[in-house]
Amino acid sequence: MPFGARAAALGNASVTIPDLWALHNNVAGMAGLTQPQAGAYAENRFGVRAFTTVALLGVYPTSKYGVYGISLSRFGDELYNRQHIGLGAAHKLGQFSLGVKADIWQVTVQGYGSRKTATIALGGQAEIVPGLYFGAHAYNLNQAKLSDFEDERLPTIMKAGISYTPYKKLLLLAETEKSIDHNATFKAGIEYQLLPDKFILRSGFQSLTNTLNFGAGFVARQFIVDYAFGNATHLGNSHHLSVSYSFGRAAIVSTPVNSL
């Protein structure tokens, strides 16, 4: 699942967004960052404690050698949980951004022990024409295996999408995602800067899960705080909160090629 309340509010249509959370959502998006950033993310789905995710991310841009990041996360409770640590790198070449990320995952089931495995992800972003952007991301290209029993593997997921900025305050996003084990889903989102560089409103949906999301973002000096609320018709509500700190000036922007 994508990280960051911004992505959650947009129905997880995040493949073209170049913010801190791109380290997990589409590693190529890190290449748009110009200031070191760190952030924390927490989500709870359907009011169930076991369906809680917490994550920490950090990104460090260099002047010549691209952008590098580290991420950690944990999902679940004492009965079932999964944890990860990941390292990513991205580089910008003109209008194109490319990135690669490696994650080590540990999955633990009470009474059955734990298993570790590693995944590889690749991503790309590009400006097609002024105001129109394309992004693509492939997760777990190596089809990492957890167990020989039933050939159990982590999911392999491909996604691609576009975003369009008709004018500075508005951002429109659309994306398709396909897991090799499940049907494809369509995602769409919208952002509007109600107060430029201070307050932004968001909404989005996913077709496969019939999920409708809403959210908002706030900027206070170097801090960015995002919140999202989601509703899945048959399962209930979800809450998402992320806080990030920029070691420079923070700003909320609607143009994907710019960085938060």
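These numbers were taken from a predicted model, which means no experiment stands behind them.
- In terms of hydrophobic clustering, with Ile, Leu, Val, Met, Phe, Trp and Tyr side chains grouped at heavy-atom distances under 4.5 Å, Tyr60 and Tyr245 are assigned to different clusters.
- The shortest non-hydrogen separation linking Leu10 to Arg202 is CD2-CB, 4.0 Å.
- Hydrophobic clustering (side-chain heavy atoms under 4.5 Å, transitive across Ile, Leu, Val, Met, Phe, Trp, Tyr) keeps Ile157 apart from Ile180.
- Residue Asn183 places its CG atom among 12 or fewer non-hydrogen atoms of other residues, nucleotides or ligands, all under 6.0 Å distant.
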List the steps, then state whether side-chain contact (heavy atoms from CB on, under 4.5 Å) holds for Val225 with Leu241. CA-CA 8 Å; Val225 180; Leu241 178 67; 4.1 Å; yes

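- The main-chain N or O of Asn25 is found under 3.5 Å from a side-chain atom of Lys159 such that the two form a donor-acceptor pair.
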Using side-chain contact (heavy atoms from CB on, under 4.5 Å), reason through Leu57 and Leu23 one step at a time and then give a plain yes or no. CA-CA 8 Å; Leu57 285 77; Leu23 172 59; 3.9 Å; yes

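- Across every non-hydrogen atom of Ser242 and Ala5, the tightest pair is OG-N, 3.1 Å.
- By the side chain to side chain contact (heavy atoms under 4.5 Å, CB included) test, Ala138 pairs with Leu141, Met158, sequence neighbours left out.
- For His91, the side chain to side chain donor-acceptor pair (under 3.5 Å) criterion is met by no residue, not counting sequence neighbours.
- No more than 12 heavy atoms of other residues, nucleotides or ligands shown are found within 6.0 angstrom of CZ on Phe96.
- In this structure, Thr211 and Asn231 have side chains that are not in contact, with every pair of non-hydrogen atoms separated by 4.5 Å or more.
- With hydrogens and angles disregarded, no donor-acceptor distance shorter than 3.5 Å links the side chain of Lys169 to the backbone of Gln193.
- Nearest heavy-atom pair across Val15 and Gly161 is CG1-N, 3.5 Å.
- Summarising the geometry of Thr16 relative to Pro18, their closest heavy-atom pair is O-CD, 3.5 Å, with the distance given to 0.1 Å.
- Note that CG of Leu98 and NZ of Lys92 are 10.0 Å apart. Values are rounded to the nearest 0.5 Å.
- Residues Ile190 and Leu170 have side chains in contact (heavy-atom distance under 4.5 Å, counting atoms from C-beta outward).
- When only modelled atom types and interatomic distance are considered, Tyr41 and His24 share no side-chain donor-acceptor pair under 3.5 Å.
- Distance alone, capped at 3.5 Å, is enough to place a donor-acceptor pair between the Thr156 side chain and the Asn140 backbone.
- Side-chain contact check for Thr52 versus Asp77: every heavy-atom pair is 4.5 Å or farther apart.
- With a 6.0 Å radius and a threshold of 12 heavy atoms from other residues, nucleotides or ligands, Leu194 has its CG atom above the threshold.
- Annotation for Asp226 and Ile224: closest pair OD2-CG2, 3.7 Å, computed over non-hydrogen atoms.
- In terms of heavy-atom proximity, Phe3 sits nearest to Ala55 at CE1-CB, 3.7 Å.
- Separating the NZ atom in Lys187 from the CG atom in Asn12 is a distance of 5.5 Å, to the nearest 0.5 Å.
- By the 4.0 Å N-to-carboxylate-O rule, Glu191 lies close enough to Arg6 to be salt-bridged with it.
- Looking at Phe46 and Ser238, their side chains come closer than 4.5 Å, going by heavy atoms from C-beta outward.
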Distance-only donor-acceptor pairs under 3.5 Å for side chains of residues 65-74, two or more places apart:
unit_1	atom_1	unit_2	atom_2	d
Tyr68	OH	Tyr65	O	2.7
Ser71	OG	His84	NE2	2.8
Ser71	OG	Lys101	NZ	3.0
Ser73	OG	His84	ND1	2.6
Arg74	NH1	Gly76	O	3.3

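- Taking 4.5 Å as the limit, some side-chain heavy atom of Leu173 sits within range of a side-chain heavy atom of Ile17.
- Note: the hydrophobic cluster containing Tyr112 does not contain Leu79 (ILVMFWY, side chain heavy atoms under 4.5 Å, direct or indirect links).
- Note that the NZ atom of Lys178 and the CG atom of Leu208 stand 10.0 Å from one another [nearest 0.5 Å].
- For the pair Arg45 and Phe51, the cation-pi test (distance below 6.0 Å, angle within 45°) is failed.
- Residues Tyr133 and Ile162 fail the side-chain proximity criterion, which asks for heavy atoms closer than 4.5 Å.
- Put simply, the side chain of Leu20 reaches to within 4.5 Å of the side chain of Val59, judged on heavy atoms.
- Not a single donor-acceptor pair under 3.5 Å links the side chain of Gln143 to the backbone N or O of Leu154.
- Looking only at distances, no side-chain donor or acceptor of Thr165 sits under 3.5 Å from a matching main-chain atom of Tyr167.
- Here Gln37 contributes atom CD and Ser246 contributes atom OG; the two are 4.5 Å apart, rounded to the nearest 0.5 Å.
- Side chain of Glu175 to backbone of Ser14: a donor-acceptor contact under 3.5 angstrom is found.
- In terms of hydrophobic clustering, with Ile, Leu, Val, Met, Phe, Trp and Tyr side chains grouped at heavy-atom distances under 4.5 Å, Ile104 and Phe75 are assigned to different clusters.
- Residues passing the side chain to side chain donor-acceptor pair (under 3.5 Å) test with Lys116 are Gln106, sequence neighbours excluded.
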Might you work through the side-chain contact (heavy atoms from CB on, under 4.5 Å) test for Leu171 and Ser163, ending with a clear yes or no? CA-CA 7 Å; Leu171 175 63; Ser163 58; 3.9 Å; yes

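- To the nearest 0.5 angstrom, Tyr192 atom OH is 12.0 Å from Phe199 atom CZ.
- For the pair Thr53 (side chain) and Asn44 (backbone), a donor-acceptor distance under 3.5 Å is absent.
- With sequence neighbours left out, Tyr139 forms a side chain to side chain donor-acceptor pair (under 3.5 Å) with Trp105.
- Centroid-to-centroid, the aromatic rings of Tyr227 and Phe229 stay 6.0 Å apart or farther.
- Residues Glu152 and Lys145 fail the side-chain proximity criterion, which asks for heavy atoms closer than 4.5 Å.
- Hydrophobic side-chain contacts under 4.5 Å tie Phe205 into a cluster, directly or through other members, with Phe186, Leu212, Phe214.
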